[in-house]
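Everything below concerns the one structure shown next.
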Number of protein chains: 2
Amino acid sequence: MKPTVHDIAAHAGVSLATVDRVLNGRAGVRPAMKAKVEAAVEALGFVRDVAAANLAKGRVYNFVFILPANNNSFMQNLRLEVQAAAERGARERMSIVLRDVPAFDPAALVAALDRVLEEGLDGVAFVAVDAPEVRAAADRLVEAGIAVVTLVSDLSASRRTHFAGIDNSAAGRTAGTLMGRFLGARPGLVLPLAGSLMVRDHRERLEGFTAVMGERFGARAILPVLEGRDDPAETERLVTQAIAEHQGIAGIYSAGAGNRGLIHALSMLSREARPVVILHELTPATREALSQELIDAVLNQDAGHEVRSALRVLKARADGDAVIAAQERIRIDIFLKDNLP
Amino acid sequence: MKPTVHDIAAHAGVSLATVDRVLNGRAGVRPAMKAKVEAAVEALGFVRDVAAANLAKGRVYNFVFILPANNNSFMQNLRLEVQAAAERGARERMSIVLRDVPAFDPAALVAALDRVLEEGLDGVAFVAVDAPEVRAAADRLVEAGIAVVTLVSDLSASRRTHFAGIDNSAAGRTAGTLMGRFLGARPGLVLPLAGSLMVRDHRERLEGFTAVMGERFGARAILPVLEGRDDPAETERLVTQAIAEHQGIAGIYSAGAGNRGLIHALSMLSREARPVVILHELTPATREALSQELIDAVLNQDAGHEVRSALRVLKARADGDAVIAAQERIRIDIFLKDNLP
DNA sequence: ATGCTCCTGATTTACGTACCTCAAGATCTG
DNA sequence: CAGATCTTGAGGTACGTAAATCAGGAGCAT
């Protein structure tokens, strides 16, 4: 049978109370005693039964997810995944609350983070706006012992516990390679799009993209970045205008959201005039566009995985456990027409 | 607070014992009482605390992983992942045992499965050899209420609980699209490789690959499949010979293992003569080749994810819980030089 | 030696569920 | 209506850990 704390106490020749003090890092144990207990744990291969421990603690994990009140498909989906996780979380003693803040608004985000600090919850996951005041707010939370996970978009130079999202620079580089190779010898310009250069994920993607285009497909000219604020209508307007203005657009890379507008603009073009298009996030609209060959590749981050990963990290952090690094690496899914799920 | 069995009893106006009888399907409860309890469960949104229940039952999950005694990189890695999962599983009352059977040996696999049946364990995960007698053995286990998960390679027409592995046909199609687009207008033949066409994974990949090449890149000539038996030396010999024989090989798709031999053959070619190469499984050798641009893309299945997914399904099945389908879909990772983890 | 702090043991209660026993009430059988 | 059988209530113990209390011993400074 699996050894219990009682076995440890017996083997170490100390009382249950002392074992408890050592295992839970409580004060009031001489080093000699501590060593005896640790030796017994080692010798018997004791592992704490987390189910029993949580039962005894009557612990409830209080977590908050703060998401931008953005109605693009990706954020909607992310919201659904958080809600699904909240439902499942109930049976594992997790209370998961979802809060909205205005998009791209550092002050609102700071207010939401400070509220978490006041309430003294166990952990928070949020989509970062990369601003100094947000970083300061996040660091205050960490200082207070609250687990802080950034979701989708990271916060530079902060002390956040973990980032649950993809390596956006690698994603941009991957998009660059696919663009360069799919274009091959076809002449023409490349147009990059973003939601906003204020969020770190879009900025990093574009940096990776342009770096690879420069390094490996240097002859290709790249237009200045257009910012569509993740809004379909604005994005469509910008793209339509750019296509009209520059006659030879051969490739479009969209690093942000609001791609319904882009897709609609593409559908107006003749098949021959259609550029190679690579964009992010698998949504009903982009899936449809991919299977109809309006676009060529979709780079995706799985919102469900990100939410579940963030939760695992928050829980592990609250329990003082280690995380499985490989499991928490969020992968960049590359979807072509052929491997749509 | 979350409702407990006591709350149910109070709300239904019955005793704890009756609630217990209803919840655990014990006999001796009149339909009227049963309905009252069920109504209370519904009304209060009661969900059984699995941790407490397992603690009370003293339940231990007994799972077995049966892997082929094959020493290629992928299987070695799979074995390591199972061992890591076994260590972590201990703290969640899971006993995970790893057993080897000779590779591609239906009789040995059947014996191992029958042993699981005799021992009355809770679940088994195994790499299937696709044979009728294996299917029959798997069905016997399912019949006995034991959870059965196939890993990496599936078992056709069986009643297995779940398959933890990738869609190999989609993987082959994806390879085909990448090959066609990477080649672009470059002239030349395409050479497909496999370990053996007797193995179902390889066969499905090649079918998907050739289907896409035919549908969308029809002008491209494809050579007959070479079978390297997953052996590096044999693969190298075949590839070297094929390159010498047909002067214009522009692309190589390797659906199987033994890719070290292929990579060595590629390293002998001049940069200009080097074909577009797409192959499977990220190993130290293929990773190195990718970063040195000896090969162009690697399709990968994440062994760690497969093992963890199999375990989640086994546990959910043993508890009678539902699985999160989206979480258990094993994805086809596409690695370029730019998004290597 | 006195009072003080620090360390340790012994013991108890609690968490939510499972499962057991025993007694008594309800319902059925003839 | 008596007896048998089924259903229900009441109460307990157990699982493995956490966390608290209290008493007393060791060690220290004064």
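So you know, we letter chains A, B, ... as the sequences are listed, proteins then strands, and number each from 1.
For A/Arg331, the side chain to side chain donor-acceptor pair (under 3.5 Å) partners at least two apart in sequence or on another chain are B/His305, B/Asp333. With sequence neighbours left out, the side chain to side chain donor-acceptor pair (under 3.5 Å) criterion links B/Arg99 to B/Glu119. For the side chain to side chain donor-acceptor pair (under 3.5 Å) test, residues two or more places apart in sequence or in another chain that qualify with A/Arg160 are A/Asp154. Looking at residues two or more places apart in sequence or on another chain, you find a ring pair (Phe, Tyr, Trp, His ring centres under 6.0 Å) between A/Tyr61 and A/Phe63.
For the side-chain hydrogen bond (donor to acceptor under 3.5 Å, both in side chains) condition, the pairs that include at least one residue of residues 134-145 of chain A, sequence neighbours left out, are A/Asp114-A/Arg140, A/Glu143-A/Arg159.
Atom-to-atom, CE of B/Met33 to C1' of C/dG25 comes out at 11 Å; the value is rounded to the nearest Å. A straight line from CD of B/Glu92 to P of D/dC15 spans 22 Å, rounded to a whole angstrom. The interatomic distance linking A/Arg30 (CZ) with D/dG25 (C1') rounds to 10 Å, in whole Å.
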Please enumerate all protein N or O atoms sitting under 3.5 Å from an N or O of nucleotides 16-18 of chain C, with distances to 0.1 Å.
from, atom 1, to, atom 2, distance (Å)
C/dG16, N2, B/Ala52, O, 3.2
C/dT17, OP1, B/Asp49, N, 3.3
C/dT17, OP2, B/Val5, N, 2.8
C/dA18, OP1, B/Asn24, OD1, 3.4
C/dA18, OP1, B/Arg48, NE, 2.6
C/dA18, OP1, B/Arg48, NH2, 3.2
C/dA18, OP2, B/Asn24, ND2, 3.2

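Distance alone, capped at 3.5 Å, is enough to place a donor-acceptor pair between the A/Asp7 side chain and the A/Thr4 backbone.
If you check distances only, the side chain of B/Arg21 does reach the base of D/dG9 with a donor-acceptor pair under 3.5 Å.
In this structure, B/Ser15 does not reach the D/dA10 phosphate: none of its side-chain N or O atoms is under 4.0 Å from OP1 or OP2.
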